Structure formats: structure tokens, C-alpha cells
Enquirer: 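Let me give you the structure first, and then I'll get to my questions.
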2 protein chains.
Amino acid sequence: MQFSKSTDYALHSLIHLGNSERCNNVGIKELSAELGVSESYLSKIMSKLRRDGIVRAVPGVNGGYELARPADQITFLDVIQVIEGRQKLFECSNSSSRQHRLLAEEGPALRDPKRPEKNDCLVEKVMYGAEQHLYQYLREQTVQSVLDNAFKRCTHGANKN
Amino acid sequence: MQFSKSTDYALHSLIHLGNSERCNNVGIKELSAELGVSESYLSKIMSKLRRDGIVRAVPGVNGGYELARPADQITFLDVIQVIEGRQKLFECSNSSSRQHRLLAEEGPALRDPKRPEKNDCLVEKVMYGAEQHLYQYLREQTVQSVLDNAFKRCTHGANKN
DNA sequence: ATATTATGGATATCAAAGGTCTTTATTAAC
DNA sequence: GTTAATAAAGACCTTTGATATCCATAATAT
Ligand code: SF4
Ligand code: SF4
């Protein structure tokens with residue numbers, strides 16, 4: 001249960017793009033040098049980000065990447081979901097076991113009344129809650145907020161001396 | 001970014017143990033049949049849980065497993081950390097890159113004053129926050145709470161008809 | 001003693017992450 | 001138009017980790 005290196009790279013790339021908004025179109029060469037990751041591999045990641053509308057890309061001379069929208073509208077959750085995929089945090093593997101009947105079909109009379117037969121699983125419900133808590137937090141963290149904090153600390157440190 | 005099947009199995013095993021507190025010592029055979037998982041594999045998982053003090057085990061005739069402490073003191077976080085390990089959700093892979101200097105060493109004068117040079121990384125700080133949010137939620141979810149909910153739903157369904 | 005049960009190690013299998021290389025398509029500049 | 005620069009996409013490889021099985025060993029009740 002850990003985020004992949006690709007997510008790491010994607011986040012750092014976006015932070016660099018956000019910090020280079022002056023001269024648009026940052027090339028893969030620059031990103032690669034900045035992060036210390038091979039151009040080949042990093043370009044794969046950038047392509048993913050482009051397909052998902054996080055960045056724009058233009059090929060050719062003086063081409064490169066730029067953020068597709070303001071940095072304060074690119075959340076950590078956005079990035080993580082692009083790179084890691086949108087699968088659920090927990091996916092039941094054996095819903096046909098005997099266990100299942102106890103936890104998800106307990107009330108044999110509770111079936112028809114109102115709601116049909118949604119996800120009544122109690123374990124999944126807990127895990128779904130965990131997912132939502134995590135996502136809610138990650139939705140509030142943006143590329144811009146990291147840049148702001150870096151800037152804030154910089155000036156604050158300067159003032160202090 | 002998904003919990004492993006092992007975590008799934010571990011949780012279901014513990015739920016079953018918690019539900020069978022009457023007749024102590026549930027054998028691996030019973031657990032295996034209940035979950036539909038091979039005895040070999042499941043026993044590995046149970047061993048892990050035992051080494052970490054989640055369950056007790058006794059070998060020999062009429063041996064088996066039982067919860068090592070009350071079900072309301074076994075949290076989802078406990079189980080997840082035993083099975084998935086205690087690694088951090090995000091671990092920086094290239095803290096020697098140029099990027100790093102911008103984000104973690106920005107204030108060149110902020111070094112000595114008070115705190116030495118702790119984890120000043122802004123990205124890790126965000127991810128650590130995510131981890132704490134997730135963990136806090138998972139700490140509140142116990143094996144017992146799942147059982148309670150199952151029981152509650154059962155009786156409620158019975159009353160309704 | 002013997003049957004039963006958990007433990008630990010060795011090993012096999014498979015999918016995914018991580019990474020490289022080559023070819024193609026697109027653009028700017030000459 | 002030609003050319004150089006650049007991103008995109010696909011084929012490939014390697015390493016790692018999850019999943020899973022089997023067997024030999026230790027412990028326990030009868
Ligand atoms: S109770 Fe939920 S998690 Fe367990 S087997 Fe049924 S659906 Fe899956
Ligand atoms: S800024 Fe943080 S995450 Fe980025 S390279 Fe430095 S330590 Fe790692």
C-alpha cells in the first residue's frame with residue numbers, strides 16, 4: 001500500500017511546470033534533468049497526464065509541456081488517480097464464500113422492501129469510508145498550495161535573518 | 001494503490017473468529033472452508049497475525065486460533081499494518097535531484113536556528129497528512145463494530161416483518 | 001505412541017512496476 | 001520544401017512483489 005514512483009515523478013513534474021509558468025513549454029529534456037529520471041520513462045508519464053487533460057503538449061521545435069489549467073485547480077487526487085488508476089481501495093475477492101452470507105445477506109427479509117440489493121457489504125462500507133476520507137483530503141491539496149508553501153517559507157526564512 | 005487479497009482474508013478470518021467466540025480454537029480447516037481460501041495460504045496469514053499478537057494459536061489436536069484480545073480492540077488499521085507492512089504511503093525516491101532543493105531546502109538561512117533539518121519536504125508533508133487522515137479513520141473501525149452492524153441489521157430486518 | 005494441528009522454509013507462478021529503445025507524427029525555423 | 005527538434009506510441013526487457021503450493025518440523029491432546 002504505497003504510491004508508485006510514477007506518482008512521485010508526476011507530482012514533481014507538475015510542480016516544476018507550475019513554477020515555470022513564465023516561459024511556457026518546458027521540454028522533456030529539462031524535466032528529465034530536473035528530476036533525474038530518464039526521458040523515455042518520464043515521457044510516458046507526461047503522455048498519461050496529457051491524455052487526462054492535466055497538461056497540454058506541443059511537439060516540434062520549441063515544443064514541450066505546460067499546465068492545462070491553473071495550478072490551484074490541479075489536486076493531488078487528480079494526479080494520483082491518473083497515474084494509479086481509479087480502482088477502489090478495497091475490492092472483495094470472494095463474494096461467494098460462506099462468510100459473505102453473514103456479512104452481506106444477513107437479513108433474509110430485508111431484501112425486497114425498499115432498496116433492491118445494493119452494496120450491503122459491511123466490510124466494503126468501512127473501506128469505502130476510508131477511501132472517501134483519504135480522497136477528501138487529497139482533493140484539498142493542490143500543486144499551487146505546495147508552491148505557495150515553498151514561497152512562503154522562503155520569504156519567511158529571509159525575514160528571520 | 002489497493003489493499004492486497006491477504007488483507008481481505010485476514011479481515012474475514014478475524015471477523016469469523018470474533019463471531020465464534022463461543023467455541024474457542026477455530027482450526028485452519030474451518031477458516032479455509034468458510035472463506036474459500038486454501039489452508040496453506042491462509043495459515044501463512046494467520047501466522048503473521050499471531051506473530052503480531054492479533055490472535056493466539058495452539059497446535060495439536062483440537063488446536064486452532066482465537067482472538068488475542070477483545071474484538072473491539074482489534075482495529076482495521078492493526079490488521080492492515082500487519083499484512084501490508086508499516087511503510088509510509090509515500091516515500092521520496094530522488095531526494096538528490098535539483099527539484100529537491102527548491103522544495104525542501106528553499107530557505108538557505110532557515111537551517112540552523114531551532115530545529116536541525118527534519119523532514120522539511122513539502123510534498124512529503126502533504127502525503128503524511130493524507131496518511132494520518134486515513135489511519136485515524138481506520139483506527140476507529142474495529143472487528144467488533146462490523147459484527148455489531150451485522151447483528152443490528154439482522155434484528156432490525158426481523159422486526160420490520 | 002499416534003493423530004492432529006500450527007509453523008516455517010523452499011519454491012513456483014504471475015502480474016505489475018519500472019525502465020529502455022525505436023519508429024512515427026508534428027511543429028518551427030531555415 | 002527541407003531539416004532539426006520534439007512529443008507520442010509501441011515493442012521489448014528486467015525486477016519486484018503478490019499469490020499460491022508443498023513439505024518437513026514442532027507441539028499438543030488423547
Ligand atoms: S462480506 Fe463483503 S467483503 Fe466479505 S465476501 Fe461478502 S462482499 Fe466480500
Ligand atoms: S521535495 Fe520532497 S519529495 Fe521532492 S525530492 Fe525532495 S524530499 Fe523528495
Side-chain angles (χ1 to χ4, degrees), chain A residues 1-10 12-13 17 23-33 35-68 80 82-87 90-94, chain B residues 1-10 12-13 17 23-33 35-68 80 82-87 90-94:
Chain A
M1 253 292 291
Q2 212 181 226
F3 290 123
S4 66
K5 288 193 178 189
S6 294
T7 295
D8 180 330
Y9 300 154
H12 280 82
S13 292
L17 289 187
C23 54
N24 278 351
N25 284 354
V26 177
I28 195 71
K29 268 195 165 63
E30 181 177 335
L31 278 177
S32 167
L35 303 196
V37 180
S38 82
E39 300 178 23
S40 310
Y41 194 43
L42 199 52
S43 77
K44 288 247 158 102
I45 296 172
M46 296 310 292
S47 290
K48 255 191 187 176
L49 291 174
R50 184 194 62 85
R51 276 194 293 271
D52 234 83
I54 308 282
V55 302
R56 269 190 298 266
V58 19
V61 181
N62 294 331
Y65 301 94
E66 62 178 347
L67 298 184
I80 287 168
V82 169
I83 304 297
E84 309 268 337
R86 286 175 174 75
Q87 57 206 337
F90 176 86
E91 209 130 8
C92 171
S93 28
N94 50 346
Chain B
M1 253 292 290
Q2 212 182 231
F3 292 123
S4 65
K5 287 191 180 191
S6 293
T7 295
D8 181 331
Y9 300 154
H12 280 83
S13 292
L17 289 187
C23 54
N24 277 353
N25 284 355
V26 177
I28 195 71
K29 268 193 166 62
E30 180 177 335
L31 278 178
S32 168
L35 304 195
V37 180
S38 83
E39 300 178 23
S40 310
Y41 193 44
L42 200 52
S43 75
K44 288 263 147 84
I45 296 172
M46 295 311 291
S47 290
K48 256 191 185 176
L49 291 174
R50 184 194 63 85
R51 277 194 294 271
D52 234 81
I54 308 281
V55 303
R56 269 189 298 266
V58 19
V61 179
N62 292 331
Y65 301 95
E66 62 178 347
L67 298 184
I80 287 168
V82 169
I83 305 296
E84 309 268 337
R86 286 177 173 74
Q87 57 206 338
F90 177 87
E91 210 129 8
C92 171
S93 30
N94 50 345

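By convention in this document, chain letters (A, B, ...) are assigned in the order of the sequence lines, proteins followed by strands, and residues within each chain are numbered from 1. Since we're looking at a predicted model, the values are computed, not measured.
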Enquirer: Rounded to the nearest 0.5 Å, what separation is found between the OH atom of B:Tyr65 and the CG atom of B:Leu31?
Expert: 8.0 Å
Enquirer: Rounded to the nearest 0.5 Å, what separates atom CE in A:Met1 from atom OG1 in B:Thr7?
Expert: 9.0 Å
Enquirer: Tell me, which pairs form a salt bridge (charged side-chain N to carboxylate O under 4.0 Å, His left out) where one or both residues lie in residues 35-54 of chain B, sequence neighbours left out?
Expert: B:Asp52-B:Arg86
Enquirer: Can you confirm whether the side chains of A:Ser6 and A:Tyr41 place a donor and an acceptor under 3.5 Å from each other?
Expert: yes
Enquirer: By side-chain contact (heavy atoms from CB on, under 4.5 Å), which residues pair with B:Ser93, not counting sequence neighbours?
Expert: A:Lys5, A:Asp8, A:Tyr9
Enquirer: Which heavy atom of A:Phe90 sits nearest to which heavy atom of B:Gln2, and what is that distance?
Expert: N-CG, 4.4 Å
Enquirer: Using heavy atoms and a sub-4.0 Å distance, could you list which residues of residues 46-58 of chain B are near DNA chain D? By number, please.
Expert: none
Enquirer: Quick one: what's the B/S/- string for nucleotides 11-25 of chain C, heavy-atom cutoff under 4.0 Å, read 5' to 3'?
Expert: -------BBBB----
Enquirer: Which atoms form the tightest heavy-atom contact between A:Ser32 and A:Ser38, and what is the distance?
Expert: OG-C, 3.9 Å
Enquirer: Side chains of A:Ser43 and A:Ile45: closer than 4.5 Å at any heavy-atom pair?
Expert: no
Enquirer: Can you measure from OG (B:Ser4) to CD1 (B:Ile83) and round to the nearest 0.5 angstrom?
Expert: 7.0 Å
Enquirer: Show me, pair by pair, the donor-acceptor contacts under 3.5 angstrom made by side chains of residues 53-64 of chain A, not counting sequence neighbours?
Expert:
| unit_1 | atom_1 | unit_2 | atom_2 | d |
| --- | --- | --- | --- | --- |
| A:Arg56 | NE | A:Glu66 | OE2 | 3.4 |
| A:Arg56 | NH1 | A:Ala68 | O | 3.4 |

Enquirer: Shoot me the first and last contacting nucleotide of DNA chain D against chain A, ordered 5' to 3', at under 4.0 angstrom to non-hydrogen atoms.
Expert: D:dA4 to D:dA11
Enquirer: Between P on C:dT5 and CD1 on B:Ile28, what's the gap in Å once rounded to a whole number?
Expert: 11 Å
